[in-house]
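Every number for a ligand or one of its atoms is a count from 1 in the order of the listing.
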Amino acid sequence: MSKRRLTVGQAIVAYLAAQSSERDGVARPLVPGMFAILGHGNVTGLGQALQELGPEVGLEAYRPQNEQAMVHTAAAFAKHANRLQVLACTASIGPGSTNMLTAAAGATINRLPVLLFPSDYFANRVPDPVLQQLEHPLEHDVSVNDAFRPVSRFFTRITRPEQLLAALPEAMRVLTDPAETGAVTIALPEDVQTEAYDWPEAFFAPRAWRVRRPEPEAELVAEAARRLARAERPLIVCGGGVIYSGAEEELAAFALRHGVPVVESQAGKGALPWDHPLNAGPVGAAGGLAANRLAAGADLVVAVGTRLGDFVTASKTAFQDPGVEFVGVNVTPFDAAKLGGMALVADAKRALERLGAALEAAGWEGAPAAWRERTRSLKREWDGVVDELRAGKGLAATRGGVDPGAQVAADDRLAQAEVIGIVNDAVGGHATMICAAGSMPGDLLKLWRPEDPKAYHLEYGYSCMGYEIPAGIGVKLAEPEREVVVMIGDGSYLMMNSEIVTALAEGLRFTVVLVDNHGFQSIHGLQRASGTPSFLNELRSRGGAALDGPYQTVDFTAHARSLGANALYAPTREALEEALAAAKGDERLSVIVVPTHPEKRVPGFEGWWDVPIAEATEQENVRAARWEYDLGRAKQRPV
Ligand SMILES: Cc1ncc(C[n+]2csc(CCOP(=O)(O)OP(=O)(O)O)c2C)c(N)n1
Ligand SMILES: [Mg+2]
């Protein structure tokens with residue numbers, strides 16, 4: 001057997017470059033690149049290997065500013081690539097590695113593949129404690145990287161080179177398995193990364209990993225079809241799995257053919273264009289009127305490719321029919337079985353094809369006419385509501401909060417809903433819009449109008465502030481030609497903005513729309529709606545004992561400009577329209593700063609979210625909120 005002498009780091013680089021993924025007869029490089037922040041833990045190991053071998057084998061190297069951000073970038077890249085491609089990330093020992101933890105959890109929660117190589121302490125333990133080592137007095141084999149175990153779908157630590165021979169193929173298997181995928185973590189001790197080994201040449205042979213499409217069991221398809229055929233008010237909940245599976249056309253055709261309305265989650269939005277006649281819009285806590293009314297009355301809910309998070313189920317209050325039944329179509333058994341439903345474990349595309357064929361064979365005439373008519377009229381009404389909101393009408397006033405600052409005078413500031421409408425009109429329904437946290441996800445869910453499955457990119461599994469700008473990089477790397485607009489709140493921008501520099505260095509051009517409403521206004525609204533007076537959420541300076549002085553102003557335009565971006569300030573509709581046009585024409589990344597009115601809020605539409613309220617308090621408003629909260633809880637289904 002011919003052998004090749006390489007270090008562990010070099011073997012990883014050579015191996016990754018030889019892997020591809022394959023689905024529906026299309027092959028792609030599985031790991032086209034690696035993000036790296038080097039330190040003593042990896043500069044001479046994986047870093048040396050990337051430098052020496054990367055260009056030769058075709059593994060691109062990227063140098064971001066923050067390890068958490070680089071993993072967000074990798075997650076967004078995988079999301080945009082429908083989980084068919086993955087980016088690797090290497091970080092140095094200790095803080096560099098633990099910085100990746102947050103985004104690793106986010107990737108796993110969102111069922112997105114990322115490949116992580118945190119560096120670890122010396123396997124030989126001679127120089128212990130090495131710089132940045134946490135010493136555990138009882139367990140010398142514990143390192144901070146053990147914190148990756150609960151957030152990873154596969155974790156291993158390589159303490160001898162030959163362990164890679166099994167670990168790397170297993171890592172590829174998990175990354176490309178649609179049911180198991182998530183963060184895959186291979187911890188690499190500093191010394192082991194540089195150790196040489198005689199690897200079998202065959203280890204580096206090109207290998208294609210088939211992304212499977214599991215077929216549903218025939219008996220279960222027949223049973224699901226029977227249930228659909230006897231349902232009077234059937235409803236489909238569309239999750240992200242529909243998009244990852246590429247099942248959009250099957251879903252659109254199924255809904256039309258059988259007259260079954262479709263409601264969408266944050267991850268599933270975009271699978272059907274907003275104006276598909278059976279798309280009743282978003283469901284759940286932040287959902288719209290049409291979808292929430294249909295959900296409340298549905299007697300059979302087919303949940304396709306969704307993890308059924310609390311926002312989708314309105315914390316288990318969305319489905320109110322006492323006899324409602326559930327069918328879970330999911331590639332992951334764990335998700336398919338949720339809500340106590342019948343689990344149809346399968347790829348979304350295959351399941352919809354088989355279910356459609358079974359209903360066709362049974363001669364089902366589709367949902368009853370009354371249900372179709374109800375869907376039509378609710379959708380018409382909802383589309384009208386969205387038009388109004390995007391025009392700045394029908395917004396809720398201040399939620400009873402008294403503003404302690406004196407500077408909240410100018411009431412002509414744009415509402416966030418108007419900003420969303422203006423940006424959507426400017427970039428259209430095919431650009432990819434990215435967001436993650438704050439009040440925008442709920443507003444975007446209701447108001448953004450995608451016309452393309454890749455036009456709506458919300459990270460709403462972990463809803464991690466700081467995902468937004470790194471994700472812009474991930475989407476641009478996955479599809480350089482796609483127009484990208486990042487919607488980010490001022491709080492999230494302040495938390496993580498430094499990847500603007502990475503995007504500029506890479507010549508990646510996208511538009512960041514920074515909505516400045518003076519702080520954490522989503523939580524501020526939630527706080528006051530829960531009876532607590534304004535406290536710690538707005539960006540204010542200390543005024544005596546509390547942070548209730550005037551707004552702490554930040555010149556975001558100057559900040560973005562200092563990083564090298566094309567920075568624009570857009571306080572009015574006209575200025576925003578002009579800025580969006582100017583951003584399109586500029587070859588740099590653009591940041592458009594839009595001051596908005598914090599209290600011109602999009603109202604709720606019969607959704608409910610379980611946020612518990614203090615049971616003991618001296619505050620009258622909190623007591624009242626608790627009373628209302630208990631009413632909401634009474635509507636929750638137990639499973
Ligand atoms: C990393 C992280 N920390 C905390 C939170 C909790 N949280 C959710 S929204 C929010 C405020 C976001 O502020 P901003 O980006 O300005 O958006 P706004 O609420 O004003 O719309 C916070 C603190 C979170 N989602 N992510
Ligand atoms: Mg804000």
Side-chain angles (χ1 to χ4, degrees), residues 66-69 71-72 75 98-107 109-110 151 266 285-286 309-311 395-396 398-399 401 403 405 407-408 413-420 423 433-448 458-472 486-499 512-530 532 534-540 547 551-554 556 559-560 591-604 609 611:
N66 174 294
E67 292 90 354
Q68 178 184 325
V71 181
H72 288 320
T98 52
N99 262 359
M100 297 198 292
L101 266 173
T102 296
I109 285 162
N110 285 294
V151 300
Q266 285 279 15
D310 64 350
F311 263 81
L395 300 167
T398 301
R399 275 192 169 125
D403 274 302
Q407 300 178 9
V408 196
R413 276 173 297 174
L414 285 167
Q416 185 164 284
E418 294 175 278
V419 174
I420 289 171
V423 176
M433 184 283 302
I434 299 170
C435 190
S439 57
M440 267 193 289
D443 290 1
L444 290 162
L445 181 70
K446 290 185 267 285
L447 306 184
W448 195 263
L458 251 289
E459 189 282 280
Y460 214 62
Y462 213 32
S463 188
C464 187
M465 292 167 73
Y467 174 86
E468 304 85 350
I469 293 168
V486 170
M487 304 289 284
I488 188 167
D490 56 312
S492 303
Y493 181 89
L494 284 177
M495 201 173 270
M496 192 176 287
N497 53 64
S498 52
E499 296 310 316
V512 176
V513 176
L514 194 173
V515 173
D516 181 9
N517 56 15
H518 301 292
F520 304 158
Q521 293 298 348
S522 52
I523 311 300
H524 191 217
L526 178 63
Q527 176 172 60
R528 288 172 300 152
S530 311
T532 311
S534 183
F535 177 62
L536 289 185
N537 275 310
E538 291 198 299
L539 186 53
R540 292 182 182 275
L547 281 166
Y551 283 131
Q552 180 69 29
T553 53
V554 179
F556 288 108
H559 178 272
V591 175
I592 304 175
V593 180
V594 190
T596 60
H597 197 295
E599 304 300 351
K600 290 181 186 166
R601 294 170 185 267
V602 175
W609 188 32
V611 181

Rounded distance (nearest 0.5 Å) linking atom CE of M495 with atom CD1 of I469 = 13.0 Å
ask   = If you measure from CD1 on I488 to OH on Y493, what distance do you get to the nearest 0.5 Å?
value = 8.0 Å
ask   = Near D490, which atoms of ligand 1 are under 4.0 Å from a heavy atom of that residue?
value = 16 (O)
remark   = Filtering A436, G438, G106 for the heavy atom nearest atom 17 (O) of ligand 1 leaves G438
query = If you count the atoms of ligand 1 from 1 in the order shown, which ones are under 4.0 Å from a heavy atom of Q521?
reply = 18 (P), 19 (O), 20 (O)
remark   = Correct closest heavy-atom pair for L514 and D490 would be CD2-CA, 3.8 Å
key: Over all atoms of both residues, closest heavy-atom pair of A437 and C464   = CB-C, 4.3 Å
task = Check N517 against ligand 1 and report side chain, backbone, both or neither, counting heavy atoms closer than 4.0 Å.
result = side chain
inquiry  = Taking the side chain as everything from C-beta on, heavy atoms only, tell me whether F311 gets closer than 4.5 Å to L445.
reply    = no
key: pair H559-V554: side-chain heavy atoms closer than 4.5 Å   = no
key: M465, any N or O under 3.5 Å of ligand 1 N or O   = yes
inquiry  = So is S463 touching ligand 1 or not, going by heavy atoms under 4.0 Å?
reply    = yes
request  = To the nearest 0.5 angstrom, please state how far the CE atom of M487 sits from the CD atom of Q416.
outcome  = 7.5 Å
ask   = Does any N or O atom in G491 lie less than 3.5 angstrom from one in ligand 1, N or O only?
value = yes
key: Nearest protein heavy atom with distance in Å, relative to atom 13 (O) of ligand 1   = F520 CD2, 3.4 Å
inquiry  = Any heavy atom of M495 closer to ligand 1 than 4.0 angstrom?
reply    = yes
query = Checking K600 side chain against L414 main chain: does a donor-acceptor pair fall under 3.5 Å?
reply = no
message = Given S439, G489, S522, G519, identify the one with the heavy atom nearest to atom 20 (O) of ligand 1.
response = G519
request  = Specify the protein heavy atom at minimum distance from atom 15 (O) of ligand 1: its residue, its atom name, and the distance to 0.1 Å.
outcome  = S492 OG, 2.7 Å
ask   = To the nearest 0.5 Å, how far apart are CD in E67 and CE in M100?
value = 7.5 Å
ask   = Which value, rounded to the nearest 0.5 Å, describes the distance between T596 atom OG1 and D516 atom CG?
value = 7.0 Å
note = Closest non-hydrogen atoms of L395 and A415, given as atom of the first, atom of the second and distance, are CD1-CB, 3.3 Å
task = Could you tell me whether some N/O pair between Q416 and ligand 1 is separated by less than 3.5 angstrom?
result = no
inquiry  = Below the 3.5 angstrom mark, is there an N/O of Y462, backbone or side chain, next to an N/O of ligand 1?
reply    = no
Straight-line distance of I420 CD1 to M440 CE, nearest 0.5 Å = 7.0 Å
task = Tell me which protein heavy atom sits closest to atom 8 (C) of ligand 1, plus the residue, atom name and distance to 0.1 Å.
result = I523 CD1, 3.8 Å
inquiry  = Any non-hydrogen side-chain atom of F520 less than 4.5 Å from a side-chain atom of L536?
reply    = no
task = Can you check the number of protein N/O/S atoms within less than 2.8 Å of the Mg ion (ligand 2)?
result = 3
